[in-house]
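Below you'll find the structure I mean.
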Amino acid sequence: MIRALQAEVASLQQQLDWFKRQLFGRKSEKRIIDNPDQLDLGALLGDTPAPTEPEPTEEITYRRRKRKQRNADDVTDSGLRFGPDVPIEVIELSAPQLNGPEADQYEVIDTKISRRLAQRPGSYVVLEYRRPVLRHKPGRHLMEVPAPSAVFEGSLADVSLLAGILVDKFCYHLPLYRQHQRLKDAGITLSRSTLTNYVQRSIELLEPIVDAQWRHILQSRVLAMDETPIKAGRKKKGQMQSTWYWPIYGEDDELCFTWSSSRGSAHIEQQLKSFAGVLLSDGYAAYDRYAKNKPQITQAQCWAHTRRYFERAQKSDPLAQEALTLIGGLYRVEQQIREKGLEGQKKLDYRSRHALPIFEAFFAWCHQQRQRMDLVNTDPLAKALVYADNHREQLKIYLGDPEVPIDTNHLERALRVIPMGRKNWLFCWSEVGAKHVGIIQSLLTTCRLHNVDPYTYLVDVLQRVALHPARDVEELTPRCWKEHFAANPLRSDLEHVH
């Protein structure tokens, strides 16, 4: 009874520590490995030979000269880096000596250059098209030069404005009401509903591109899937409905944010009904239900999620550090694979030689810990051990397939745009709005993954999509657009104004 109460107190303390960490602490999961008190992985494996004593070397002592203190301007200037596309305004400074009575005593022999980073506030430009009206003298009829076509017929928005609104809202998470305030401060009167209409119509124009990207993602042999919450639509007066994005990451660094009003496995069934291959996910039960009795699906588990259970348990039970050390060994093997540039069979062989023994040692340690009489089911460490043992086979999948990552961290990094946006625009007024957010974020996040500038991409495809053959719409996805159109993209008329 006392042990159970102590475990309950430890669990409550763990929850309190977690909330404090979210508010005030560091959220990185990286561990400090250069620590003399760190558990030795080789000692845990038991078959690693003891390190040999280093040969004695001659000790060389010297006094390091104290570095000259640099002023703040020097430090700032040395850290300034910019690419060739950044505009440079040249300011010529005149020397007073060249204008004084003794000017003939001086001559310029060189020029020193120093740079400072400056900023212009966001600005808007009105494009004024002056179109001549002609009169045909013999026929006495009038004609005028037509205005250039716009993305939306009769719209007052240039494509640069449409792309800018989308990038500001979904890349830099600037809500429309703030953009509306910026327009007003610039002396431009435009209703909020007009901005909302621009966003909605633009995203609807881009939806076929996302559909093509989604079809290509489903052709992957390995998919990573996760879920993240979003408030969308009114559940009742004063309360928003809880809904979910299900981001899915394909083999060719493409991402699609599917949306569902529930967190059940029915959405997974619907989205992945034509998929066959390896599904990498966390331990959420909906993925287990989906993969059950499906021979075409191999379910793999994320090691980062397993590690988090032991990370939470280490304060209440220091022995959890042994598990973290062993899991850290698995990650060091992956780091070595990246450094060596191993792929395919070489990558698989390296994992078998170096990671498999650590894997076996980890689960042997887990089995040993589960025999402890002092460990009750409510202990954080007991929960971590049960989680790991329940998913042992899924956690082992990556050791037998070189194309399967060790975790879903690549997906979690990509889906951060949703919680980052949520901190600014909080929720979506409607379910349709939530679907639209998923559509545009699917393209913009994939642009980032392929090093495609989102603004340049949107300016091009918003003009191109209506004229592009429907059968070739996949060419407009960021992955293919980079190859077909990035070298000579369509531009806005604004870029031709000097």
Side-chain angles (χ1 to χ4, degrees), residues 120-132 144-211 417 421 424-425 428-430 432-447 452-468 470 473 476-478 481 485-486 488-498:
R120 283 198 179 109
S123 60
Y124 300 91
V125 177
V126 175
L127 300 179
E128 181 178 286
Y129 296 94
R130 298 195 172 188
R131 300 177 287 128
E144 63 182 36
V145 175
S149 59
V151 175
F152 306 122
E153 186 176 356
S155 173
L156 299 175
D158 181 67
V159 65
S160 61
L161 178 66
L162 301 176
I165 292 174
L166 294 175
V167 169
D168 282 346
K169 179 172 173 60
F170 297 107
C171 283
Y172 305 114
H173 316 296
L174 190 66
L176 290 183
Y177 82 89
R178 295 183 192 166
Q179 298 191 47
H180 182 260
Q181 290 175 346
R182 189 170 63 184
L183 280 163
K184 186 176 180 181
D185 293 341
I188 300 171
T189 302
L190 204 62
S191 68
R192 284 264 299 277
S193 61
T194 299
L195 297 182
T196 304
N197 185 48
Y198 287 162
V199 170
Q200 178 180 343
R201 295 180 66 186
S202 298
I203 293 177
E204 289 174 350
L205 198 61
L206 299 170
E207 187 172 2
I209 304 176
V210 177
D211 292 339
V417 294
N424 290 272
W425 36 261
C428 297
W429 275 111
S430 65
V432 173
K435 293 178 182 179
H436 284 170
V437 172
I439 291 171
I440 188 63
Q441 286 293 13
S442 298
L443 293 178
L444 297 182
T445 305
T446 305
C447 281
V452 171
D453 177 58
Y455 177 82
T456 303
Y457 171 78
L458 288 177
V459 168
D460 179 273
V461 296
L462 284 172
Q463 298 177 88
R464 195 184 298 273
V465 64
L467 306 175
H468 202 73
V473 68
L476 301 184
T477 60
W481 181 89
F485 307 111
N488 189 28
L490 298 178
R491 303 287 188 178
S492 163
D493 288 343
L494 177 63
E495 301 187 33
H496 303 302
V497 176
H498 299 288

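As the structure is a computational prediction, the values presented were derived from the model and not from experiment.
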Which heavy atom of A186 sits nearest a heavy atom of Y124, and at what distance?
->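 Taking every non-hydrogen atom into account, CB-CD1, 3.9 Å.
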Which distance, rounded to the nearest 0.5 Å, do you find between the CG of L458 and the CG of D453?
->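 One gets 9.0 Å once the value is rounded to the nearest 0.5 Å.
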Do the side chains of T446 and T477 get nearer than 4.5 Å, heavy atoms only?
-> no
Look up atom NE2 in H436 and atom CG in L166, then write down how far apart they are to the nearest 0.5 Å.
->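 One finds 11.5 Å between NE2 of H436 and CG of L166.
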Tell me, please, which residues at least two apart from E153 pass salt bridge (charged side-chain N to carboxylate O under 4.0 Å, His left out).
->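 Partners of E153 under the salt bridge (charged side-chain N to carboxylate O under 4.0 Å, His left out) test: none.
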Chi angles and distances behind the side chain to side chain contact (heavy atoms under 4.5 Å, CB included) call for T456, W481 | CA-CA 11 Å; T456 303; W481 181 89; 4.2 Å; yes
When rounded to the nearest 0.5 angstrom, what distance separates OH in Y172 from CG in L444?
-> 10.0 Å
Apply ring-ring contact (aromatic ring centres under 6.0 Å, His included) to H173 and list each qualifying residue two or more places apart in sequence or on a separate chain.
->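 By the ring-ring contact (aromatic ring centres under 6.0 Å, His included) rule, H173 matches no residue at all.
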Does some side-chain heavy atom of K184 sit less than 4.5 Å from a side-chain heavy atom of T189?
->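 SC-SC contact between T189 and K184 ruled out.
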Using residues 200-208 as the side-chain source, report each donor-acceptor pair under 3.5 Å to any protein atom, sequence neighbours left out, with the distance given to one decimal.
{"residue": "Q200", "atom": "NE2", "partner": "E204", "partner atom": "OE2", "Å": "3.4"}
{"residue": "S202", "atom": "OG", "partner": "Y198", "partner atom": "O", "Å": "2.7"}

With sequence neighbours excluded, residues passing salt bridge (charged side-chain N to carboxylate O under 4.0 Å, His left out) with R192 =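 Applying salt bridge (charged side-chain N to carboxylate O under 4.0 Å, His left out) to R192 gives none.
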Find out whether L174 and K169 are in side-chain contact, i.e. whether some heavy atom of one side chain is under 4.5 Å from a heavy atom of the other.
-> no
Among L161, V159, L462, the one residue meeting side chain to side chain contact (heavy atoms under 4.5 Å, CB included) with S492 =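 For S492, the side chain to side chain contact (heavy atoms under 4.5 Å, CB included) check succeeds only for V159.
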CG of L190 to CG of L156: how many Å apart, nearest 0.5 Å?
->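 Here the rounded value is 8.0 Å.
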Side chains of R130 and E128 in contact at under 4.5 Å (non-hydrogen atoms) =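 Result yes, sub-4.5 Å side-chain heavy-atom pair found.
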L490 side chain near F485 side chain, heavy-atom distance below 4.5 Å = no
Look up atom CZ in F152 and atom CG in L162, then write down how far apart they are to the nearest 0.5 Å.
-> 5.5 Å
Atom pair CG (L476) and CD1 (I209), whose distance is rounded to the nearest 0.5 Å |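 If I round to the nearest 0.5 Å, the distance is 4.5 Å.
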For D460, which residues count as a salt bridge (charged side-chain N to carboxylate O under 4.0 Å, His left out) partner, sequence neighbours excluded?
->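 Result, salt bridge (charged side-chain N to carboxylate O under 4.0 Å, His left out) vs D460: R464.
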Please identify each residue that fulfils side-chain contact (heavy atoms from CB on, under 4.5 Å) with S191, with sequence neighbours left out.
->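 For S191, the residues satisfying side-chain contact (heavy atoms from CB on, under 4.5 Å) (neighbours in sequence not counted) are S193, T194.
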Heavy-atom side-chain proximity of V125 to L127 below 4.5 angstrom = yes
If you look at every heavy atom in C447 and P478, which pair is closest and at what distance?
-> SG-CG, 3.8 Å
Is it true that D168 and R178 have a side-chain N and a carboxylate O under 4.0 angstrom from each other?
->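 No, D168 and R178 are not salt-bridged.
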